[in-house]
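For reference, the structure discussed in these notes is given below.
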Amino acid sequence: MRSATPELMLETSFRDCVLAGLSASPKSLPCKFFYDAEGSRLFDLICELPEYYVTRVELQILRDNLADIVKAFGNNALVAEFGSGSSIKTRLLLDRHDSLVGYVPIDISEKHLLATAAALRKRYPRLPILPVVADYTAEVKLPELSREPERVVVFFPGSSIGNFTHAESEAFLERARRLAGENGAVVVGIDMQKDLSVLLPAYNDAAGVTAAFNLNLLKRINAELGGDFDLTGFEHRAVYNEREGRIEMHLNSRRAQRAHVAGREFAFAKAESVITEYSYKYTLEGFRQTAARAGLRMDRYWQDPNKWFCLAYLSVTASC
Ligand code: AVJ
């Protein structure tokens, strides 16, 4: 039997997820498929936008508290990062940490991951860099190490945990806890609830980059799944759902229309919305409770002076 390549498996699941999402009511498309080459390029642009405070503020928290954060990791720690991308934030930590026994970047994009790993090996010749190609929304295993770590730290910056519902976050944190194991820790970036005058522009930027990022999902469906979406027939909308504490990104149909994907037809009413992304915003107490339900104790956290963002250090409490 021939085994499918990861790319083929991803394609199948992209198709299945899109067909399932467009068949549901209300319609939705999964945000994890934003990041093709163009989507990743647009996301990098988002991170540079004056309105998108998230990346900048988290980097500032890391810079301002580096010594403290590194100390919290302890000696001989292994850092495993979910969705490592270019590992920009982690470089700050790796720059300062001689006592790491290894760095395990985990990412779904093999090409990007291996290029990053090669660059990191050049920069940190003595540090074992052990990349793992995996989808962190599923179970992940750590590679064998020559030196046993004293602590496994699962690092998940960027507030991507905000894409998960509270129930999904809890399940995700449980998996992270199992990966970290006894004596381990999970260090996670979370975006805080804040004034809408700050929050809304971050997802409705004046230059329209977020709109392009959102619409790129339809472009990707057209290119990869034989879709025929008219990109001018949909508009980007980002709203804050106060009750759920989340930003919701939608693609709204400007008129009644039909579109085809992989040979199937879908009808859109005028003003009908397709949900493309949730971005949950937390309170400290709310996140503390989610973590606790996953067997993790928020021992400490670091924030910017405005308290817009939070890097939380969660210790494994429950036995694994
Ligand atoms: C990568 C999930 C953290 O929710 O802020 C940015 C994605 N979407 N602008 C976020 C995103 C629109 C981002 N995360």
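All values below were derived from every heavy atom in this structure, side-chain atoms included, with hydrogens, water molecules and symmetry-related copies excluded. Counting starts at 1 for both ligands and their atoms, in listed order.
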> Which protein non-hydrogen atom lies closest to atom 2 (C) of ligand 1, naming both residue and atom, and how far is it?
Replying inline: N163 OD1, 3.3 Å
> Is the closest N or O pair between E277 and ligand 1 shorter than 3.5 Å?
Replying inline: yes
> Y203 to ligand 1: N or O pair under 3.5 Å?
Replying inline: yes
> Is the shortest distance from a heavy atom of V54 to ligand 1 less than 4.0 Å?
Replying inline: no
> Short question: side chain of E110, backbone of V133 - any donor-acceptor pair under 3.5 Å?
Replying inline: no
> Has ligand 1 got any nitrogen or oxygen that is less than 3.5 angstrom from a nitrogen or oxygen of S279?
Replying inline: yes
>> Testing the 3.5 Å rule here: is there a donor-acceptor pair between the side chains of S23 and R264?
In response: yes
>> When you measure from the heavy atoms of F43 to every atom of ligand 1, does any distance fall below 4.0 Å?
In response: yes
> Under 3.5 Å, is there a donor-acceptor pair linking the side chains of N241 and E248?
Replying inline: yes
> Salt bridge check: are R178 and E139 linked by an N-O gap of less than 4.0 Å?
Replying inline: yes
> Under a 4.0 Å heavy-atom limit, does F213 contact ligand 1 with its side chain, its backbone, both, or neither?
Replying inline: side chain
>> Give me the residue, atom name and distance of the protein heavy atom closest to atom 13 (C) of ligand 1.
In response: Y52 OH, 3.2 Å
> Looking only at heavy atoms of Y35, does any of them come nearer than 4.0 Å to an atom of ligand 1?
Replying inline: yes
> For D68 and W302, does a side-chain donor sit closer than 3.5 Å to a side-chain acceptor?
Replying inline: yes
>> Could you check whether E174 pairs with R177 (Lys NZ or Arg NE/NH1/NH2 to Asp/Glu carboxylate O, under 4.0 Å)?
In response: no
>> Only heavy atoms of S159, strictly under 4.0 Å: list the atoms of ligand 1 that pass.
In response: 3 (C)
>> Does either side chain, that of D230 or that of Q257, offer a donor lying less than 3.5 Å from an acceptor on the other one?
In response: no
> For residues Y35 and D107, is any side-chain donor paired with an opposing acceptor at under 3.5 Å?
Replying inline: no
> Is the closest heavy-atom distance from G158 to ligand 1 below 4.0 Å?
Replying inline: yes
